[in-house]
Amino acid sequence: MSKTTEGASISTDDLIAENTTGLQSTWKEAPRGWGHSLHRLSPYIGGFPPALAHYFIRRFSDVGDSVLDPFSGGGTTPLEAALHNRKGYGNDIFCYAYTLSKAKCNPVNPENFEEYLDEKLDEAASVDNTGMRLLDNEDLQVFYSDYTLDQILRLREVLHDDDSPKAMYLKAVMCGILHGPSQMFLSLQTKDTYSGTANYVREYAEKHDLELPERDIRPKAIQKHELAQEDFIPPWVSSQTKITQSNATDLPFESETADLIVTSPPYMQTLNYDWNNWIRLWWLNTPREDERDNLVSTQDTDKYREFMRECLREMYDVLAPDSVAVLIVGDVRKHLSNRKQILNTAAIIAEEAQQYTDFDVHGIIDDAYDVENRSYVVFNRLKYDHDEDDEGRETIDRCLILKKGSPEMSTEPEIDWEKELYKSA
Ligand SMILES: C[S@@+](CC[C@H](N)C(=O)[O-])C[C@H]1O[C@@H](n2cnc3c(N)ncnc32)[C@H](O)[C@@H]1O
């Protein structure tokens with residue numbers, strides 16, 4: 001008997017891709033943390049592993065094709081596409097996502113970085129910052145010594161209105177060292193994936209006798225840059241990528257320009273991107289309230305459906321004829337008044353695609369990737385807590401595969417994950 005998914009009236013049996021069994025382990029065979037060093041420029045909560053993007057890019061596109069991610073987050077898809085001789089297009093409405101995607105896809109080359117950094121630090125040194133005049137958020141004093149905060153404030157002032165590729169790269173390098181758990185970071189010991197609240201960090205610091213370290217930006221930024229560029233970066237990456245900052249309901253790409261979409265839309269209200277990144281947003285001079293208004297974050301299933309319907313129509317429009325869209329989405333835990341319910345977001349989106357667009361649903365691959373391999377879990381070496389509803393169902397991630405026209409649904413690519421690791425630059 002077919003089972004109806006929670007939150008969608010469609011039957012799960014109808015949605016299972018005919019060839020999922022053989023597929024499931026493919027990207028999971030990649031060694032933990034697989035991927036180019038640039039992917040690790042700065043953490044992006046909610047990002048998917050580069051191996052997953054790589055797998056679908058290899059499977060559904062050819063060299064020279066264009067691969068688009070309308071919700072590009074940390075830029076995993078466009079970077080992975082460009083590294084493998086495709087055009088990589090990324091879009092995200094969120095300022096931190098845009099900065100990070102742009103930086104990864106336009107890395108400053110190793111010889112020029114130190115010179116540029118020194119030039120900007122020199123300019124920063126002459127900014128008038130008497131008595132920390134520029135400090136507009138006192139919570140930052142919980143994370144930084146006055147010595148380090150003074151440098152951050154000055155550099156922020158210098159880079160404020162500069163959106164040149166070099167400035168975007170330096171801003172992203174700074175996002176990668178602003179806070180974290182070791183001496184590689186500018187803050188006291190805290191998380192790197194998200195910015196903790198000042199109250200929590202203050203109490204934690206008091207309890208563990210943590211001191212505010214006096215650290216200089218220069219060595220930390222150079223170290224981060226060198227680690228990010230440890231692997232060889234093909235010279236065409238910048239010219240083969242395009243990153244935009246728009247609403248996914250209205251993408252700034254012409255009709256029929258993408259040969260493949262590999263993306264991961266927001267899963268209702270699972271992640272609070274503006275709050276999780278409040279220090280990075282402050283650093284990027286972007287008011288959190290503005291970001292919150294732009295980002296789609298709703299617990300209301302009908303509103304979410306409406307939003308995804310518009311996005312799917314837009315994706316259909318930008319896709320070339322006979323091509324594929326892969327959407328990675330996680331189940332969502334919903335608290336009802338008397339119980340917890342797990343919603344199968346992929347099934348909800350599949351239903352929208354089937355009913356309101358010309359996409360055909362090829363299928364859903366359950367358990368898209370091992371939760372242990374989520375980028376922020378790997379970054380922080382966390383143990384991920386599985387979430388369950390009252391019936392014991394776990395939240396898992398799923399890949400929804402949609403077809404426009406009749407694309408070639410080729411067999412699995414042969415990927416030798418060890419060989420496809422990048423050599424040191
Ligand atoms: C699950 S994350 C994508 C992560 C990405 N695949 C990666 O590997 O880093 C979803 C993204 O959707 C973005 N987003 C939310 N609402 C949006 C909208 N209306 N238009 C464009 N992007 C949006 C968020 O900023 C977030 O980066």
Side-chain angles (χ1 to χ4, degrees), residues 27 34-36 38-57 67-81 88-105 172 175 193-194 243-253 261-277 280-281 284 286 288 290-298 303-304 306-315 318 325-332 345-346 349 368-369 373-379 397-400:
W27 51 86
W34 182 93
H36 195 283
L38 253 186
H39 284 299
R40 294 186 283 277
L41 186 61
S42 181
Y44 197 81
I45 209 158
F48 49 50
L52 186 70
H54 182 81
Y55 171 81
F56 285 112
I57 290 167
V67 184
L68 167 71
D69 186 344
F71 303 95
S72 63
T76 317
T77 298
L79 175 59
E80 203 51 42
Y89 298 154
N91 172 78
D92 201 294
I93 203 162
F94 184 41
C95 164
Y96 171 47
Y98 172 69
T99 307
L100 185 54
S101 296
K102 192 103 180 153
K104 283 185 185 172
C105 293
C175 285
T193 42
Y194 59 87
I243 305 296
T244 59
Q245 187 178 15
S246 288
N247 198 320
T249 55
D250 188 14
L251 294 168
F253 292 91
I261 286 178
V262 178
T263 192
S264 173
Y267 327 157
M268 300 207 222
Q269 214 175 33
T270 318
L271 290 172
N272 190 335
Y273 291 98
D274 63 288
W275 177 240
N276 282 320
N277 292 291
R280 294 188 179 108
L281 286 184
L284 296 170
T286 308
R288 266 185 53 209
D290 295 2
E291 294 295 306
R292 199 179 315 134
D293 292 347
N294 288 333
L295 288 160
V296 165
S297 180
T298 176
K303 277 197 189 142
Y304 183 71
E306 236 172 80
F307 167 70
M308 282 311 300
R309 202 176 301 162
E310 274 187 72
C311 294
L312 286 164
R313 287 186 178 136
E314 192 66 1
M315 288 186 214
V318 295
V326 180
L327 280 73
I328 320 294
V329 270
D331 292 349
V332 171
T345 322
I349 300 174
Y369 56 93
N373 213 7
R374 282 172 201 246
S375 56
Y376 63 94
V377 174
V378 172
F379 260 122
D397 291 285
R398 304 172 202 263
C399 302
L400 167 62

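Quantities reported herein were computed from a predicted structural model and do not represent experimental measurements. One-based numbering, in listed order, for ligands and for the atoms of each.
A heavy-atom distance below 4.5 Å is found between the side chains of Pro70 and Met315.
Residue contacts with ligand 1, taken as heavy atom pairs separated by less than 4.0 Å, involve Phe48 via backbone and side-chain atoms alike. Proximity of Ser246 to ligand 1, defined as any heavy-atom pair under 4.0 Å, is confined to the backbone N, CA, C and O atoms.
Nearest residue to atom 24 (C) of ligand 1 from Asp397, Leu52, Asp92 is Asp92 (criterion: closest heavy atom). Distances from atom 1 (C) of ligand 1 to the heavy atoms of Gly73, Ser264, Cys95, Ser101 show the closest one on Ser264.
Classified by interplanar angle (parallel below 30°, tilted 30° to 60°, perpendicular above 60°), the ring pair Tyr304/Phe307 is tilted.
Counting only distance, with no hydrogens or angles, the side chain of Thr77 and the backbone of Ala53 share no donor-acceptor pair below 3.5 Å. No donor-acceptor pair under 3.5 Å is formed between the side chain of Gln245 and the backbone N or O of Asp92.
Defined by atom type and a distance below 3.5 Å, a donor-acceptor pair is present between the side-chain atoms of Asp69 and Thr263. Side chain to side chain, Thr244 and Asn91 meet the donor-acceptor criterion of an N or O pair below 3.5 Å. Residues Tyr96 and Ser42 have side chains that bring a donor and an acceptor to within less than 3.5 angstrom of each other.
For ligand 1, the polar-atom distance check finds an N/O of Ala248 within less than 3.5 Å of one of the ligand's N/O atoms. Checked by distance only, ligand 1 and Thr76 come closer than 3.5 Å through their nitrogen or oxygen atoms.
Taking a cut-off of under 4.0 Å to the non-hydrogen atoms of Tyr44, the atoms of ligand 1 that pass are 9 (O), 25 (O), 26 (C), 27 (O). Set against the non-hydrogen atoms of Asn247, the atoms of ligand 1 under 4.0 Å away are 18 (C), 19 (N), 20 (N). The atoms of ligand 1 that sit less than 4.0 Å from any heavy atom of Gly47 are 4 (C), 7 (C), 8 (O), 9 (O). Atoms of ligand 1 lying under 4.0 Å from at least one heavy atom of Pro266, given by number and element, are 10 (C), 12 (O), 15 (C), 16 (N). With ligand atoms numbered from 1 in the order given, ligand 1 contributes 1 (C), 4 (C) to contacts under 4.0 Å with heavy atoms of Gly46.
Closest heavy-atom contact between Gly74 and Lys104: O-NZ, 2.6 Å.
Within the structure, the closest approach of Phe307 to ligand 1 falls below 4.0 Å when heavy atoms are considered.
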